[in-house]
Structures are given as C-alpha cells and as structure tokens.
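Labels below follow one simple rule: chain letters A, B, ... track the order of the sequence lines, proteins then strands, and each chain is numbered from 1. Not measured: the values here are computed from a predicted model.
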Amino acid sequence: MSTTQTVPVVENILKANDQLAQTNRALLDAHRTFAVNFMASPGAGKTTLIVRTIHTLKDRYRLAGIDGDIATTLDADRIAATGIPAVQINTGGACHLDAVMVHNALAQVDLANTDAIIIENVGNLICPASFPLGAHLNVLIASVPEGADKPYKYPPMYRGVQAVVLNKIDLLPYFDFDLAYFRRGVEALNPGLAFFPLSAKTGEGFDAWVQWLAGQISDYASQK
Amino acid sequence: MHELPVVENLLNITLDHARRAQARRVLALNLVIGQMSSIVDDSVQFYWDLLSQGTLAEGATLRFQRIPAIYRCWDCGRQYPLDGQHLACPQCGSVRVQLIQGDEFRLESIDIET
Ligand SMILES: Nc1nc2c(ncn2[C@@H]2O[C@H](COP(=O)(O)OP(=O)(O)O)[C@@H](O)[C@H]2O)c(=O)[nH]1
Ligand SMILES: [Mg+2]
Ligand SMILES: [Zn+2]
C-alpha cells in the first residue's frame, strides 16, 4: 500500500549560493584579501575601468583579477596584460557569476600573497543581484549612453551595491543624460551611496575613484 | 540560462527532503516565485524535465504560485503593486520605496508517495 503526503520544505532555492558566498568571504578573510565585484550592463566599460584602476594601484597593492565571460578570454587577456595574475571563468553561457564559480576561481589565486581581488561579473543588470559572491565591496558601473533611467528600471542592482560609478562622462555633451534625475534615483534606492562620475577613457574624475577604492583596501588591511 | 544552476539546486533540495521522508517517489513540487525574482516558469520546467530523469523526482509536476510585486512608500506609507516600469509611489510620487513582496523564490513543500 502506498500513501501520498505533503512534506513541508520552505527553503530558499538560492540558499546554496548564499552559503557558499559566506564560505568565500571566510576564505578571503582568512588570507586578509579584499574582494571587489564589478557589475554593469555589457559595454558599460567594466574592463576599461578595471584595467585603468589596476594600472593606478598595482604598485601599491598586490592585485589579482577574476574575469567572468560567457565564452571568450578577451577580457581576462586585457587584465593579464596589465601584469597582474588573472583567472578566467568561463560561465558556459550563464548570465551571471555565482559563488561556486568564484570559489573555484579563488583556488587558482595565491591568496596569501594578494591584497585585493578585482572581479568582473558578466554584463547584466538583473541576475547578478540575486547571486552574492562573497565580495567585500560591490560596485555598479553605469554609463552615460545607457540613459539616466536605469536606477528606476533595475532597483535590485542599485540597492545591493556599496558604490556607483557613472562612466563615460566624456560623452555627456552628446547624450541627453539627466544627471540630476539619475542621482535622485540612486539616492532614493540607496541613500548616501558613494558616487563617482568619471571617464575610464580620458581619466577625468578617476582620481577620486581610485583614492576612495585605495582607502577601502587600506581600511580593510588595517582592520585586524 | 540562469535557470539551469537554479534547477540543479532545486533538485538537490527536493531529493534531500524526499529521502529524509523516505519517499518512494516525488509527485509534485509546490514553488513560490515572486514577480521580481527573474525566474521564468517555462525554463524551470524545461531543465526540470531534463535533470530529474532517473531520480526519485522524475516526472514530478511543478506547481508555480506567482507572488505579485508589492511596494511600500517610505514617505506616505502607501502600498501598491508594480505597474509596468513605474516604480514611483502613485500617491505622492516618491521613489523612496521598498519591495515588500515579490522577490521570493522558495520550495514550499513537496508531495511524495511513501
Ligand atoms: N567614450 C568612452 N568610451 C569608453 C569609456 N570606457 C569604456 N569605453 C568604451 O566602451 C566600450 C566597452 O568597454 P568595455 O570596457 O569592454 O566594457 P565592458 O563590456 O563593460 O567590459 C569600449 O569600446 C571602450 O573603449 C569612457 O569612459 N568613455
Ligand atoms: Mg568586459
Ligand atoms: Zn508615497
């Protein structure tokens, strides 16, 4: 005789990711390695900004890069060309990095001799918000050509970060980007958030950004 | 593509609970999915059919309970459903609003045969 019954489960299906993100964080902390997760839509300038940031900071800190890409090694190659160790994660078509991929990539980084890891997430403004990686700092890169309404359209991404960079400000004269409207949206979703308008291409506004980031890395290093 | 790793997690959670309850077979999964959770029912069903093959849960029915997105305005307290892409409060226009439901993605229960 077989019987049927309903068994309560009540589990968050992404729990496994959240738990592994905590494991990643513990692993990073054990080696006193600071991790930054960069998220943006495709083409916002993640790789350009990361490469310029690395050039500015690599003499001061021991850096490593982790790069998520659907199929190519193009971005990881650009990061490796700066002279720092770079690990490529091939997401096999997935639209975001998850904690498992980052966990596997961390195994290929010499954590004991790394002060900070720069992670480039897959270009996407939706999915990465649901998949914490264990990074200490999550940065969203918006860019002028995308338009000023993005905070209003993708609130979960803007809520889950500790800084917003507005890239490509060299293009402001050519687009009808309403900076005040953009800032109001960001401020409403995430009050007091660190905000850096800059151009990763010309370097305008870049000093404020790298000084802030360097401060974050140094504060972390002196914490324990 | 997002749904493939998600369904792997779902299968693991299901099999784990089914084994603990000494199920012979899993008949159905009762899922709660928020409007804002960026999960597509059809894709979940597609990967489920593929991945559940040869397991205790092969052929189990997926039942989706959709939860609409509801925001609450911090400035005037109004609660309202998400309407198209307009996030701002319909009463006072504020965008200081908080999602109070609609980002769920849970396995609520499973129906099993023992
Ligand atoms: N005008 C301008 N172009 C930029 C800037 N930053 C990046 N780009 C260009 O935007 C394109 C995409 O940049 P990339 O870094 O590959 O973006 P990713 O897809 O987010 O990694 C490239 O052609 C870059 O040269 C910027 O500040 N100003
Ligand atoms: Mg890139
Ligand atoms: Zn209101």
Heavy-atom check, side chain of A:V10 versus side chain of B:E108, under 4.5 Å: yes
Distance, nearest 0.5 Å, that separates CD of B:Q98 from CZ of A:R159: 6.5 Å
Contact listing (chain A partner; residues 8-21 of chain B; heavy atom under 4.5 Å): B:N9, B:L10, B:I13, B:H17, B:A21
For the student: nearest non-hydrogen atoms of A:L14 and B:F105, plus distance: CG-CD2, 4.2 Å
Rounded distance [0.5 Å steps], CD in B:E113 versus OG1 in A:T4: 7.5 Å
Audit row: B:D111, A:Q5, side chain to side chain contact (heavy atoms under 4.5 Å, CB included) steps and yes/no: CA-CA 6 Å; B:D111 297 351; A:Q5 66 183 97; over 6 Å; no
Atom group of B:L27 that falls short of 4.5 Å from chain A, counting heavy atoms: side chain
Crowding at CZ, A:F175 (>12 non-hydrogen neighbours, <6.0 Å): yes
Heavy-atom check, side chain of A:I13 versus side chain of B:L31, under 4.5 Å: yes
Side-chain donor-acceptor pair present, A:T6, B:S109, cut-off under 3.5 Å: no
Straight-line distance of B:I112 CD1 to A:T3 OG1, nearest 0.5 Å: 8.0 Å
